[in-house]
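Working notes, beginning with the structure itself.
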There are 2 protein chains.
Amino acid sequence: MEFKEAKNKFVQTWGALGSQWGINKTMAQIHALLMVAAEPLSMEDIMEELQISRGNASMNLRALMDWGIIYKEYKPGERREFFTSEKDLDELAVKIAQERSKREIKPALKVLKEVSSSVKGETSAEAKHFTDQTTKLYDFVLKADNMLEKSIEFKDNWLGRLVMKIMK
Amino acid sequence: MEFKEAKNKFVQTWGALGSQWGINKTMAQIHALLMVAAEPLSMEDIMEELQISRGNASMNLRALMDWGIIYKEYKPGERREFFTSEKDLDELAVKIAQERSKREIKPALKVLKEVSSSVKGETSAEAKHFTDQTTKLYDFVLKADNMLEKSIEFKDNWLGRLVMKIMK
DNA sequence: TTGAAGTTTCAAAAATAAATGAAAGTTATT
DNA sequence: AATAACTTTCATTTATTTTTGAAACTTCAA
């Protein structure tokens, strides 16, 4: 396969996969593009390569910066802004994990805490079961989130590295 | 808060969160409902409670069964089918992890493998960088997926339980 | 302080995903 | 083998999300 063809395939497919990840297509495509770009790209470059509008490019570049997985770069003597992606994959994984925890897990914890402790003065089996079940869920999700956080620091300590090795 | 109110809040919010998880609203709501239901529910019950159509209920119940996180149950002397959710949370987590690996990670690996090994006979720095970068990504994602699989078996062995404990 | 080069915003349009409901399909009972 | 109880399918409708593009905004240089 030719380089251009392969690159295109990668960017397109990554975009399609992004949708399943709950990330929009363009955002995933821009990220893919920057991941494999040898040089920082300008917004113009990105619009051109992906055939998207200026507004679309602007909004998704901002979103990616909010996730902390791409960066603005200024070239001396250049007016325009250039963009690069985080290329350290460990760092990328950490950022994605943090962002997903913030967006997906924390809100779940919030509502679980509320509903599990809010049913007062009802004695029906139904109400009892509801409180039980949501409490268990809360504890479980909290534990899972803690593990996610821990595994972020994990690779920096000896035990972590050992376990990683065992896990292959 | 009253039980009914709390239950409603839980089901509604879980549905909204589901969207961010890349799961559709109804699917998440049905699952939430079954998680806190003391008794198995019929399709009729679910339609009624969530105010949704028969078709919608049917399709999402099937999807949840495909994920392996809810079950059909037959009551003696009853023609209708009833549904219950997986209530063992460890088991639930395993099922979700497996499903997400299958749907989100495996396809990513497939495309990475293809594109990382497909650029032939080009010597430009760009092409080189592309092959490098996608190869690294492939290795990384593969490792992550392996860890996910390993962590599924993890809690069943002594080392796993120990590490879990340390992670709190 | 004006204008050129660039970026952001946001209302409207387009694309995509989800929900409806009626018809077709099943299955159990008599 | 007819019918009643229940479930699934899928073409159409509805709702949601994404994209566009033109106007507003910002920043720098002359």
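Numbered from 1 within each chain, the chains take letters A, B, ... in sequence-line order.
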key: Ring-face cation contact, B:Phe82 with B:Lys75, 6.0 Å cut, 45° max   =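 Yes, a cation-pi geometry holds between B:Lys75 and B:Phe82.
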
request  = Would you kindly compare A:Glu78 and B:Ser53 by the position of their nearest DNA chain C nucleotide and give the one closer to the 5′ end?
outcome  =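 Closest to the 5' end, via its nearest nucleotide, is A:Glu78.
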
query = Where each residue is assigned the nucleotide of DNA chain C containing its nearest heavy atom, which of A:Lys25 and B:Lys25 is assigned the position nearer the 5′ end?
reply =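 On the 5' side of the pair lies A:Lys25.
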
Separation of [X] atom [atom1] from [N] atom [atom2], in whole Å?
| X | N | atom1 | atom2 | answer |
| --- | --- | --- | --- | --- |
| B:Leu61 | D:dT7 | CG | C1' | 11 Å |
| A:Asn56 | C:dT8 | CG | P | 13 Å |
| B:Met65 | D:dT8 | CE | C1' | 11 Å |
| A:Asn60 | D:dT17 | CG | C1' | 12 Å |
| A:Gln20 | C:dA17 | CD | P | 10 Å |
| A:Met59 | D:dT17 | CE | P | 14 Å |
| A:Ile23 | D:dT17 | CD1 | P | 16 Å |
| B:Met43 | D:dT8 | CE | P | 6 Å |

query = OP1, OP2 of D:dT7 versus side-chain N and O of B:Arg62: anything below 4.0 Å?
reply =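 Result: no.
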
inquiry  = Side-chain N or O of B:Asn24 versus OP1/OP2 of C:dA19: is the shortest distance under 4.0 Å?
reply    =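 It does, given that an N or O in the side chain of B:Asn24 lies less than 4.0 Å from OP1 or OP2 of C:dA19.
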
request  = Go through the steps to decide whether B:Tyr71 and B:Phe83 satisfy the test ring-ring contact (aromatic ring centres under 6.0 Å, His included), and finish with yes or no.
outcome  = CA-CA 6 Å; B:Tyr71 308 108; B:Phe83 299 89; over 10 Å; no

task = Specify the closest pair of heavy atoms between B:Gly15 and B:Gln29, including all atoms of both residues, with the distance to one decimal.
result =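 Here B:Gly15 and B:Gln29 meet closest at CA-CG, 3.7 Å.
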
Residue [X], side-chain atoms from C-beta onward, closest of [options]:
| X | options | value |
| --- | --- | --- |
| B:Lys72 | D:dT19, C:dA19, D:dT8 | D:dT8 |
| B:Ile52 | C:dT20, C:dT8, C:dG6 | C:dT20 |
| B:Arg79 | D:dA5, C:dT8, D:dT8 | D:dA5 |
| A:Ser58 | D:dA4, D:dT7, C:dT8 | C:dT8 |

Checking all strands, does [X] fall into the base, sugar-phosphate, or nothing category for heavy-atom contacts under 4.0 angstrom?
| X | result |
| --- | --- |
| A:Arg54 | base |
| B:Thr26 | sugar-phosphate |
| B:Glu81 | sugar-phosphate |

request  = Could you list the residues that satisfy side-chain hydrogen bond (donor to acceptor under 3.5 Å, both in side chains) with B:Glu2, not counting sequence neighbours?
outcome  =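 Testing B:Glu2 for side-chain hydrogen bond (donor to acceptor under 3.5 Å, both in side chains), a comparison that skips the adjacent residues, returns none.
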
task = Ignoring hydrogens and angles, state whether a donor on the side chain of B:Lys106 or B:Ser101 is under 3.5 Å from an acceptor on the partner side chain.
result =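 Checked: B:Lys106/B:Ser101 side chains pair up, N/O donor to acceptor below 3.5 Å.
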
